[in-house]
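In what follows, a single structure is set out as structure tokens and then discussed.
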Protein chains: 2
Amino acid sequence: MQDEIAACCPPVTSAELSETDAVRMAAMFKALGDPVRLRLFSKVASHAGGEACVCDIQDVGVSQPTVSHHLKKLREAGLLSSERRGTWVYYRVEPQVLAAMSLLLGGSAS
Amino acid sequence: MQDEIAACCPPVTSAELSETDAVRMAAMFKALGDPVRLRLFSKVASHAGGEACVCDIQDVGVSQPTVSHHLKKLREAGLLSSERRGTWVYYRVEPQVLAAMSLLLGGSAS
DNA sequence: CCCTTAATTCGACACTTGTCGATACAGAGA
DNA sequence: TCTCTGTATCGACAAGTGTCGAATTAAGGG
């Protein structure tokens, strides 16, 4: 298992990143590089059941369109996935991507 | 040991980030959110002896002033430290910060 | 001193990003 | 079908970012 993680990348301390890998990984880090986005991500990640409705997490001090915009960015970066169920849209964390980032930074895969 | 790491933060999956912690951590992720910067960081981190002279790592496809600019950003984010020795300036990774990010993403501290 | 090499700082500019209000879309119920 | 609530998209704009060439500082060697 975890083939996708193995694909990219070993810890930064062990080998130099290729340009392509750097582009891929930088996009993920960039997605967490905004305080509002990081908080949204954190709210989803720590929410009971592993998923959260937008309505559960949208209290981060910015307007509703801005929340939606940031969630889209997190989705495009592959960090979150979304699913509509009835009126509500639920977001959940993509664990492989999270693990890949953690691994790159030198931690063990969770 | 690792008091600074413990100070910020437990894994995202275990608790929601405060606004202040989100600002602190987002700044670190942001620093790695550029491909050129991530490559520079990777080159320093994987360099023999745990440190690298600017001249060792400046071949990343952008001009030398741009390299210097990115290294400054990484320094300001606390990810790298620098020291001048004679003509050359050496950069090295700050391990606590790296560990804090990895921990936040759910990996074990390295 | 002057010259050479290493690295940073400066000034400028195109491009990206975060934010908002207004608007549109989706589903559930009356 | 009309309305209400939840979410996404649009259009606009100020602020931030990555990049460069030119100029500057730092250190060493003639």
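Residue numbers begin at 1 in each chain, while the letters A, B, ... track the order of the sequences.
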Discussion item. Once you apply a heavy-atom cut-off of 4.0 Å, does A/Y90 come out as touching a base, just sugar-phosphate, or nothing?
Written reply: nothing
Under 4.0 Å, heavy atoms only, any strand: does A/Q58 hit a base, just the sugar-phosphate, or nothing? sugar-phosphate
Counting primed atoms, P, OP1 and OP2 as sugar-phosphate and everything else as base, the B/S/- map of nucleotides 11-18 of chain C against protein heavy atoms under 4.0 Å is ------SS
Protein-proximity profile, nucleotides 24-30 of chain C, B/S/- by nucleotide at the 4.0 Å heavy-atom cutoff, equals --SSS--
Practice problem: Would you check if there is a donor-acceptor pair between the side chains of B/Y90 and B/R84 at a distance under 3.5 Å? | Solution: no
Heavy atoms, side chains only, cut-off 4.5 Å: are [X] and [Y] in contact?
{"X": "B/L80", "Y": "B/V44", "answer": "yes"}
{"X": "B/V60", "Y": "B/V62", "answer": "yes"}
{"X": "B/F41", "Y": "B/L71", "answer": "no"}

Here the residues of residues 74-81 of chain B within 4.0 Å heavy-atom distance, strictly under, of DNA chain C are none
What residues 41-53 of chain B contributes to the DNA chain C interface at heavy-atom separation below 4.0 Å is B/C53
Nearest non-hydrogen partners of [X] and [Y], listed with the distance:
{"X": "A/C9", "Y": "A/L17", "result": "SG-CD2, 3.8 Å"}
{"X": "A/G78", "Y": "A/V97", "result": "O-CG2, 3.2 Å"}
{"X": "B/C8", "Y": "B/A100", "result": "O-CB, 3.7 Å"}

Going by salt bridge (Lys or Arg N to Asp or Glu O under 4.0 Å), name the residues that satisfy it together with [X], two or more places apart in sequence or in a different chain.
{"X": "B/R92", "value": "B/E51"}
{"X": "B/E94", "value": "none"}
{"X": "B/E76", "value": "none"}

With sequence neighbours left out, the residues meeting side-chain contact (heavy atoms from CB on, under 4.5 Å) with B/C55 are B/C53, B/Q58, B/W88
Separation of C/dA7 atom P from B/L40 atom CG, nearest Å, is 13 Å
Under 6.0 Å from the CD atom of B/Q64, do we count more than 12 heavy atoms belonging to anything else shown? yes
Side-chain donor-acceptor pairs under 3.5 Å in residues 28-39 of chain A, sequence neighbours left out?
| from | atom 1 | to | atom 2 | distance (Å) |
| --- | --- | --- | --- | --- |
| A/D34 | OD1 | A/V36 | N | 2.9 |
| A/D34 | OD1 | A/R37 | N | 3.2 |
| A/R37 | NE | A/A31 | O | 2.8 |
| A/R37 | NH1 | A/H70 | ND1 | 3.3 |
| A/R37 | NH2 | A/K30 | O | 3.3 |

In the 5' to 3' direction, the nucleotides of DNA chain D bounding the stretch that comes under 4.0 Å of a heavy atom in chain A are D/dG6 to D/dT9
Apart from B/V23 itself, its cluster of hydrophobic side chains linked below 4.5 Å comprises none
So CD1 of B/I57 and OH of B/Y91: to nearest 0.5 Å the spacing works out to 8.0 Å
The reported gap from CG in B/L105 to CG in A/L103 (rounded to nearest 0.5 angstrom) is 11.0 Å
- Would one find a side-chain N or O of B/K72 under 4.0 angstrom from OP1 or OP2 of C/dT8? no
The bend of the helix from C/dC1-D/dG30 to C/dA30-D/dT1, taken between the axes of its five terminal pairs at each end and rounded to 10°, is 10°
>> Treating B/S102 as the side-chain partner and A/G106 as the backbone partner, does any N or O pair qualify as donor plus acceptor under 3.5 Å?
In response: no
- Task: Give a yes or no on whether the backbone of B/S14 and the side-chain of A/S46 come within a donor-acceptor separation of less than 3.5 Å.
- Result: no
